[in-house]
2 protein chains.
Amino acid sequence: MGETGTRTRDAVDDFLDQWAALRSDLDLEAMGAVGRLLRLTRLVEKEVGRYFAEHGMERWEFDVLATLRRSDRPLTPKELAGSVMVSSAALTNRIDRLAARNLVARETVPGDRRSLHITLTDAGRALVDDTVEGHVRNERRMLARLDEKDCDELNRLLRMLLTTMEGDA
Amino acid sequence: MGETGTRTRDAVDDFLDQWAALRSDLDLEAMGAVGRLLRLTRLVEKEVGRYFAEHGMERWEFDVLATLRRSDRPLTPKELAGSVMVSSAALTNRIDRLAARNLVARETVPGDRRSLHITLTDAGRALVDDTVEGHVRNERRMLARLDEKDCDELNRLLRMLLTTMEGDA
DNA sequence: ACGTAATCATTCGACGTCGAACTATCTCTC
DNA sequence: GAGAGATAGTTCGACGTCGAATGATTACGT
């Protein structure tokens with residue numbers, strides 16, 4: 001009975017035990033949560049990268065293409081950079097390479113000659129649509145240990161943290 | 001009454017709505033959880049980096065020094081690289097710079113001349129002890145929106161995910 | 001209107017990381 | 001005990017990102 005998996009220790013538990021032995025004044029709950037967040041994300045990113053590599057593309061390509069795909073209007077480089085959370089310099093580089101492969105196109109925007117509209121080509125849209133399904137399946141697989149209730153709960157907690165940190169940015 | 005903050009939307013909610021309108025077949029729970037994880041981590045990393053920059057050091061320095069600090073025995077570069085999750089090449093570079101600032105030292109290990117023991121100098125240990133407390137306070141501040149029960153719950157959920165992904169690595 | 005400040009994309013130099021190749025050392029087998 | 005293979009740390013070249021500086025265009029104040 002009781003094989004809930006709750007008793008299983010992770011690497012961060014060891015990490016916290018070591019700190020507790022040295023500095024009993026530290027806030028272990030906070031260290032644990034942040035430590036797990038950073039560590040888990042690294043592993044998730046590695047796995048996501050593995051999936052895309054297996055399908056002949058890189059994650060940053062999907063990030064940009066998918067952002068354009070799900071938007072109902074053309075986006076500017078600045079908007080794209082904000083969405084994928086990289087610098088404008090990095091985004092110029094990404095657009096260069098996507099455009100070279102004919103996955104996106106740069107178009108002038110009527111009212112403002114400083115700015116651009118980045119649009120998805122047919123090839124770009126097809127590439128997103130072909131890969132997004134498997135990508136999401138892979139994400140679900142990584143969360144397989146969580147039942148529906150736990151998954152809801154995780155989303156609720158992360159949303160709370162995200163709104164605060166997005167707010168005072 | 002009822003000011004729970006649960007009704008607040010984050011950027012990922014918009015993200016999900018856009019996908020739902022286009023592809024009703026996708027697993028929004030999974031996309032949301034992973035999306036929030038990656039996005040939140042980026043913000044947390046930025047804030048952590050800001051704290052350390054404010055105290056005249058960089059996060060990678062603290063990562064290495066703190067790993068040495070909480071270990072009761074000397075660690076090899078390989079062990080350190082595993083702990084902080086970077087390549088051995090990156091770790092050589094980090095040790096070089098930490099050693100140049102007299103925060104760590106390379107010592108030969110008796111039984112094996114291939115390997116090394118990286119040890120903390122007095123200055124290194126002092127630097128960790130001086131900064132760890134504020135760092136943890138900053139972590140707690142980022143989690144301020146979560147009460148104790150929610151924080152426990154978050155740790156439980158992240159631990160479950162972490163153990164699975166650490167396991168089949 | 002005119003000039004100043006703000007905004008947008010791009011370029012530039014510096015930096016840190018990675019994977020692969022390399023050297024040195026150890027282990028295991030016969 | 002000698003040679004093949006594994007293991008540890010370092011070096012090397014390539015790559016992507018960032019902050020700052022640049023050039024072009026637009027918005028604002030008087």
Side-chain angles (χ1 to χ4, degrees), chain A residues 38-39 41-43 45-50 52-54 57-65 67-68 74-101 104-119 169, chain B residues 38-39 41-43 45-50 52-54 57-65 67-68 74-101 104-119 169:
Chain A
L38 300 182
R39 202 173 175 84
T41 294
R42 265 203 132 86
L43 295 174
E45 279 179 333
K46 204 164 284 187
E47 171 58 23
V48 171
R50 192 202 54 75
F52 283 117
E54 212 171 54
M57 64 190 297
E58 307 191 42
R59 189 166 80 89
W60 64 261
E61 302 185 75
F62 181 83
D63 281 345
V64 176
L65 295 177
T67 303
L68 290 167
L75 296 177
T76 67
K78 184 181 182 67
E79 291 173 314
L80 273 171
S83 270
V84 299
M85 299 179 88
V86 298
S87 69
S88 57
L91 201 93
T92 297
N93 180 27
R94 292 185 178 191
I95 299 296
D96 283 346
R97 280 178 292 165
L98 289 172
R101 294 176 53 184
V104 302
R106 279 185 241 246
E107 296 177 1
T108 64
V109 18
D112 191 338
R113 278 188 299 181
R114 291 171 302 182
S115 190
L116 293 172
H117 276 347
I118 311 297
T119 60
Chain B
L38 300 182
R39 201 172 177 86
T41 294
R42 266 202 132 89
L43 295 173
E45 280 178 333
K46 204 162 285 186
E47 170 57 24
V48 171
R50 192 202 55 75
F52 283 117
E54 212 171 54
M57 64 189 296
E58 308 191 41
R59 189 167 79 89
W60 64 261
E61 302 184 77
F62 181 83
D63 281 345
V64 175
L65 295 177
T67 303
L68 290 167
L75 296 177
T76 66
K78 184 182 183 64
E79 291 173 313
L80 274 171
S83 272
V84 299
M85 300 181 87
V86 298
S87 68
S88 57
L91 200 94
T92 297
N93 180 28
R94 293 186 179 190
I95 299 296
D96 283 346
R97 281 179 291 167
L98 289 172
R101 295 177 52 184
V104 303
R106 281 184 239 245
E107 295 176 0
T108 64
V109 19
D112 190 338
R113 279 188 299 180
R114 292 171 303 181
S115 190
L116 294 173
H117 277 345
I118 311 297
T119 60

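All chains are named by letter (A, B, ...) in the order of the sequence lines, taking the proteins before the strands, and each is independently numbered beginning at 1.
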> NZ of B/Lys46 versus C1' of D/dG19: gap in Å, rounded?
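Between C1' of D/dG19 and NZ of B/Lys46: 12 Å.
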> Could you state the CZ-C1' distance from B/Arg50 to D/dC18, rounded to the nearest angstrom?
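B/Arg50 atom CZ is separated from D/dC18 atom C1' by 18 Å.
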> Return the 5'-most residue of the pair B/Arg114, A/Asp112 with respect to DNA chain C, ranking by each residue's nearest nucleotide.
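Nearer the 5' end of the strand: A/Asp112.
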> Rounding to an integer number of Å, can you tell me how far B/Glu107 CD sits from D/dG9 C1'?
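It is 16 Å, rounded to the nearest whole Å.
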> Just how far, in rounded Å, is C1' of C/dT11 from CG of A/Leu91?
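Checked: the CG to C1' distance equals 15 Å.
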> Nearest heavy-atom pair of B/Arg42 and A/Met85: which atoms, and what distance?
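Where B/Arg42 meets A/Met85 most closely, the heavy atoms are NE-O, 3.3 Å.
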> I need the single residue from A/Arg101, A/Arg94, A/Arg97 that forms a salt bridge (Lys or Arg N to Asp or Glu O under 4.0 Å) with A/Glu61. Which is it?
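Only one of A/Arg101, A/Arg94, A/Arg97 forms a salt bridge (Lys or Arg N to Asp or Glu O under 4.0 Å) with A/Glu61, namely A/Arg101.
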> Looking only at heavy atoms, what is the nearest atom pair of A/Glu45 and B/Leu38, with distance?
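Closest approach of A/Glu45 to B/Leu38, heavy atoms only: CG-CD2, 3.7 Å.
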> Between D/dT10 and B/Arg106, is there an OP1 or OP2 to side-chain N/O distance shorter than 4.0 Å?
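Answer yes for this pair, as a side-chain N or O of B/Arg106 is under 4.0 Å from OP1 or OP2.
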> Under 4.0 angstrom, heavy atoms only, what part of the nucleic acid is A/Leu116 near: base, sugar-phosphate, or nothing?
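Touches sugar-phosphate only.
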> Rounded to the nearest 0.5 Å, what separates atom NE2 in A/His117 from atom OG1 in A/Thr76?
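So the NE2 of A/His117 and the OG1 of A/Thr76 are separated by 8.0 Å.
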> Describe the nucleic acid contact of A/Ser115 in one word from base, sugar-phosphate, nothing, applying a heavy-atom distance below 4.0 Å.
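If one applies the 4.0 Å heavy-atom cut-off, A/Ser115 turns out to touch the sugar-phosphate alone, with no base involved.
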> So, does B/Arg113 get its side chain near the phosphate of C/dC26, meaning an N or O under 4.0 Å from OP1 or OP2?
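So the side chain of B/Arg113 is within the cut-off, an N or O lying under 4.0 Å from OP1 or OP2 of C/dC26.
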> How close do B/Val84 and B/Thr67 get, counting heavy atoms only, and between which atoms?
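Scanning both residues completely, I find the closest heavy atoms to be CG1-OG1, 3.7 Å.
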> B/Asp96 has an atom CG; how far is it from atom C1' of D/dT10, in whole Å?
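Spelled out: CG on B/Asp96 to C1' on D/dT10 is 9 Å.
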> In terms of side-chain geometry, is the basic nitrogen of B/Glu47 or B/Arg50 positioned less than 4.0 Å from the acidic oxygen of its partner?
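Here B/Glu47 pairs with B/Arg50 in a salt bridge, since their nearest N and O are under 4.0 Å apart.
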> If you look at every heavy atom in A/Val64 and A/Leu80, which pair is closest and at what distance?
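A/Val64 and A/Leu80 have their closest heavy atoms at O-CD2, 4.2 Å.
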> Without decimals, in angstroms, what is the distance between A/Leu80 CG and C/dA9 P?
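In whole Å, C/dA9 P and A/Leu80 CG are 9 Å from each other.
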> Taking N or O atoms only and anything under 3.5 Å, show me the protein contacts with nucleotides 13-17 of chain C, one pair per line.
residue : atom : partner : partner atom : Å
C/dG16  : OP1  : B/Arg97 : NH1          : 2.5
C/dG16  : OP2  : B/Arg97 : NH1          : 3.3
C/dT17  : OP1  : B/Arg94 : NE           : 3.1
C/dT17  : OP1  : B/Arg94 : NH2          : 2.4

> Would you indicate which nucleotide in D/dT11, D/dA8, C/dA6 comes nearest to any side-chain atom of B/Lys78?
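Looking only at side-chain atoms, B/Lys78 lies closest to D/dA8.
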